[in-house]
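Below is one structure, written out as structure tokens, with a few remarks after it.
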Amino acid sequence: RRDRNDRGGKRDDEGLKRLANKLASKVLNTSEALIIEKELNGYQRRVVHMVIKDFDGVDSESFDADGVRKIRLVLSSTDSED
């Protein structure tokens, strides 16, 4: 039985990290924003944001979609030299 405040453990964290890296790579390859549709609790969203923070070229943002917090992954807005 899982407690309401159960954060899942290291295995779940590793799975979230792999998912975040995979989706960030997809954003880089397609140049299109992605929304993580899976419903994540606050701790899980933080894990994803921390992974994306260290992923060059992609940013993450949380937003509210009909009362559910979601994460959007977008290309970083970096200054490019022309």
Side-chain angles (χ1 to χ4, degrees):
R1 186 179 128 196
R2 293 184 73 147
D3 185 77
R4 191 174 140 213
N5 294 320
D6 184 8
R7 294 183 174 175
K10 291 186 183 233
R11 284 184 64 174
D12 290 343
D13 285 2
E14 291 306 313
L16 275 174
K17 290 174 183 178
R18 282 192 304 274
L19 175 66
N21 279 306
K22 178 181 175 182
L23 294 177
S25 293
K26 188 170 183 178
V27 169
L28 278 179
N29 291 333
T30 65
S31 299
E32 293 183 13
L34 287 175
I35 295 173
I36 298 177
E37 295 294 337
K38 181 176 178 164
E39 196 168 323
L40 303 173
N41 65 35
Y43 173 80
Q44 293 167 322
R45 288 192 307 274
R46 179 168 168 70
V47 169
V48 171
H49 286 301
M50 297 303 286
V51 169
I52 300 302
K53 183 182 87 158
D54 293 332
F55 197 102
D56 289 337
V58 178
D59 289 328
S60 62
E61 56 191 19
S62 287
F63 67 98
D64 188 73
D66 298 324
V68 177
R69 298 294 289 170
K70 301 277 183 171
I71 297 176
R72 180 182 297 119
L73 304 181
V74 297
L75 284 177
S76 296
S77 55
T78 57
D79 297 331
S80 60
E81 295 182 36
D82 292 336

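Quick caveat, the model's predicted, so the values are computed rather than measured. Residue numbers start at 1 and run along the sequence shown.
In this structure, the side chain to side chain donor-acceptor pair (under 3.5 Å) partners of S62, at least two apart in sequence or on a different chain, are H49. The salt bridge (Lys or Arg N to Asp or Glu O under 4.0 Å) check on K38 picks up nothing, with sequence neighbours excluded. Looking at residues two or more places apart in sequence or on another chain, you find a side chain to side chain donor-acceptor pair (under 3.5 Å) between R72 and E61. Under the salt bridge (Lys or Arg N to Asp or Glu O under 4.0 Å) criterion, E37 pairs with K70, not counting sequence neighbours. In this structure T30 satisfies the side chain to side chain contact (heavy atoms under 4.5 Å, CB included) test together with K26, E32, sequence neighbours excluded.
Note: the hydrophobic cluster containing V58 does not contain V74 (ILVMFWY, side chain heavy atoms under 4.5 Å, direct or indirect links). Criterion: ILVMFWY side-chain heavy atoms under 4.5 Å apart, direct or through other members. Under it, V51 and F55 are not part of a common hydrophobic cluster. Hydrophobic clustering of Ile, Leu, Val, Met, Phe, Trp and Tyr side chains at less than 4.5 Å, counting indirect connections, keeps L19 apart from M50.
Looking at heavy atoms from C-beta onward, D12 lies out of side-chain contact with V47 at the 4.5 angstrom threshold. Under the 4.5 Å side-chain criterion, counting only non-hydrogen atoms from C-beta, L75 is in contact with V27.
Within a 6.0 Å sphere centred on CG of D56, other residues, nucleotides and ligands contribute 12 heavy atoms or fewer. The neighbour count for R46 CZ, taken as heavy atoms of other residues, nucleotides or ligands under 6.0 Å away, does not exceed 12.
Here the straight-line distance linking atom NZ of K17 with atom CG of D54 works out to 10.0 Å at 0.5 Å rounding. The CD1 atom of I52 sits 5.0 Å away from atom CG of L73, with the distance rounded to the nearest 0.5 Å.
For the pair A20 and V48, the tightest heavy-atom approach, listed with the atom from each and the gap, is CB-CG1, 4.1 Å.
Taking Ile, Leu, Val, Met, Phe, Trp and Tyr as hydrophobic and joining them when side-chain heavy atoms fall under 4.5 Å apart, one finds I35 in a cluster with F63.
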